[in-house]
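Bear in mind that the values here come from a model prediction, so they are computed numbers and not experimental data.
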There are 2 protein chains.
Amino acid sequence: MAPEREVACCTPLAAPAWSDADTADIARLCRALADPNRVRIVNLLAASPQPVCVCDLTEPLGVSQPTVSHHLRTLLDAGLVQRERRGTWAYYSLDNETLRRLADVLAPPQPLEVT
Amino acid sequence: MAPEREVACCTPLAAPAWSDADTADIARLCRALADPNRVRIVNLLAASPQPVCVCDLTEPLGVSQPTVSHHLRTLLDAGLVQRERRGTWAYYSLDNETLRRLADVLAPPQPLEVT
DNA sequence: GGACTACATCGACGGGTGTCAATGTAGCGC
DNA sequence: GCGCTACATTGACACCCGTCGATGTAGTCC
């Protein structure tokens with residue numbers, strides 16, 4: 001495990017910038033966005049200035065209503081969308097702050113080029 | 001489909017900003033980051049100024065070598081990392097451009113507040 | 001050549017996931 | 001109350017995914 005000869009690899013790695021909690025959080029958010037239909041939902045919510053009800057999402061997604069509810073629940077559990085009940089309808093809106101937090105941790109906005 | 005009475009929902013949605021290809025691409029990249037071990041690999045690669053070989057990743061991840069190779073292949077297929085063979089060793093490095101592209105499409109860097 | 005090392009691939013197992021039809025639930029209007 | 005609508009939940013199915021041990025492959029060193 002500790003040879004005296006010089007080795008080309010296995011140099012000690014730099015300390016990771018993300019904690020275990022951050023890592024799990026990033027993976028959880030990315031898992032919520034790991035399905036094309038959920039990405040499309042996020043896109044539709046981002047494109048709408050007002051909250052969107054479920055019946056608006058069924059048609060453009062082309063899947064059944066239970067499937068839409070299932071995906072919305074996944075996004076809701078991940079904290080990417082928010083739900084608001086108005087009478088019979090359920091209105092969903094995008095949580096821009098969570099999405100931005102994910103984007104910022106993936107690639108910090110300062111573009112220092114190290115080429 | 002087109003009732004005369006006023007309805008509270010089902011207003012026509014705004015056109016989505018992402019094409020189907022974009023949507024699939026985002027989902028593919030996010031799926032590659034949907035596992036904590038892969039997120040940790042990306043973090044380790046981002047923290048290292050030089051490419052990292054596989055034997056450096058096995059210990060901090062705490063999984064077997066085939067599992068590390070499997071995750072690296074997933075990241076490689078997604079275009080998030082690059083491979084470079086140097087003799088016996090395989091050095092992996094992070095593709096910062098792909099990561100930044102994902103972050104930018106998730107949350108564009110201009111912070112216009114619409115509250 | 002032969003032995004060794006580093007890495008990739010294969011096969012198998014358990015668990016998670018996307019999808020649907022069917023059913024349950026809550027709110028509105030009569 | 002009753003019926004209707006919008007949405008959530010359940011159960012079932014097929015499929016994918018993370019993990020491992022075992023094996024294959026390519027490169028180095030003697």
Subject >> Side chain of N37(B) - closest among dT19(D), dA8(D), dC7(C) >> reply: dT19(D)

Original post:
Does a side-chain heavy-atom distance below 4.5 Å link C55(A) with V68(A)?
Top reply: no

Original post:
Between CG of L33(B) and CG of L29(A), what distance do you get to the nearest 0.5 Å?
Top reply: 11.0 Å

**OP:** Could you state the atom-to-atom distance from CG of L72(A) to C1' of dA8(D) in whole Å?
**Re:** 11 Å

Original post:
H71(B) NE2 to dT9(C) C1': how many Å, rounded?
Top reply: 15 Å

Original post:
R100(A) side chain to P108(B) main-chain N or O, any donor-acceptor pair under 3.5 Å?
Top reply: yes

Original post:
Which whole-number value in Å describes the distance from Y91(A) OH to dG27(C) P?
Top reply: 15 Å

Original post:
Is the phosphate of dT17(C), meaning OP1 or OP2, less than 4.0 Å from a side-chain N or O of R31(A)?
Top reply: yes

Subject >> Short side-chain N/O contact to dT5(C) OP1/OP2 from T88(B), under 4.0 Å >> reply: no

Original post:
Considering heavy-atom distances to DNA chain C, does G87(A) or V54(B) have its closest nucleotide positioned more toward the 5' end?
Top reply: V54(B)

Original post:
Does T67(A) have a side-chain nitrogen or oxygen under 4.0 Å from the phosphate oxygens OP1 or OP2 of dG18(C)?
Top reply: no

**OP:** Rounded to the nearest angstrom, tell me the gap between atom CD in E59(A) and atom P in dA6(D).
**Re:** 14 Å

Original post:
Taking the side chain of S69(B) as heavy atoms from C-beta outward, which of dC20(C), dC7(D), dT9(C) is closest to it?
Top reply: dT9(C)

**OP:** Nearest whole angstrom, please: distance from the P of dG27(D) to the CD of E84(B).
**Re:** 14 Å

Subject >> Under-4.0 Å side-chain N/O to phosphate OP1/OP2 contact, Y92(B) with dA6(C) >> reply: no

Original post:
Would you say a side-chain N or O of R83(B) is under 4.0 Å from OP1 or OP2 of dA8(C)?
Top reply: yes

Original post:
If you find the nucleotide of DNA chain C closest to P66(B) and the one closest to V63(A), which residue's nucleotide is nearer the 5' end?
Top reply: P66(B)

Subject >> Identified side chain to side chain contact (heavy atoms under 4.5 Å, CB included) counterpart of Y92(B) within the set Q82(B), R83(B), E84(B) >> reply: R83(B)

**OP:** Quickly work out the R86(B) CZ to dT28(D) P distance and round it to whole Å.
**Re:** 13 Å

**OP:** Please check the phosphate of dA6(D) (OP1 and OP2 only) for any side-chain N or O of R85(A) closer than 4.0 Å.
**Re:** no

**OP:** Figure out the CG/C1' separation between D77(B) and dC17(D), and round it to whole Å.
**Re:** 14 Å

Subject >> N/O donor-acceptor pair under 3.5 Å between R38(A) side chain and R31(A) backbone >> reply: yes

Original post:
Side chain of Q65(A), base of dA8(D): donor and acceptor closer than 3.5 Å?
Top reply: yes

**OP:** Would you kindly give the CG-to-C1' distance between D35(A) and dC17(D), to the nearest whole Å?
**Re:** 14 Å

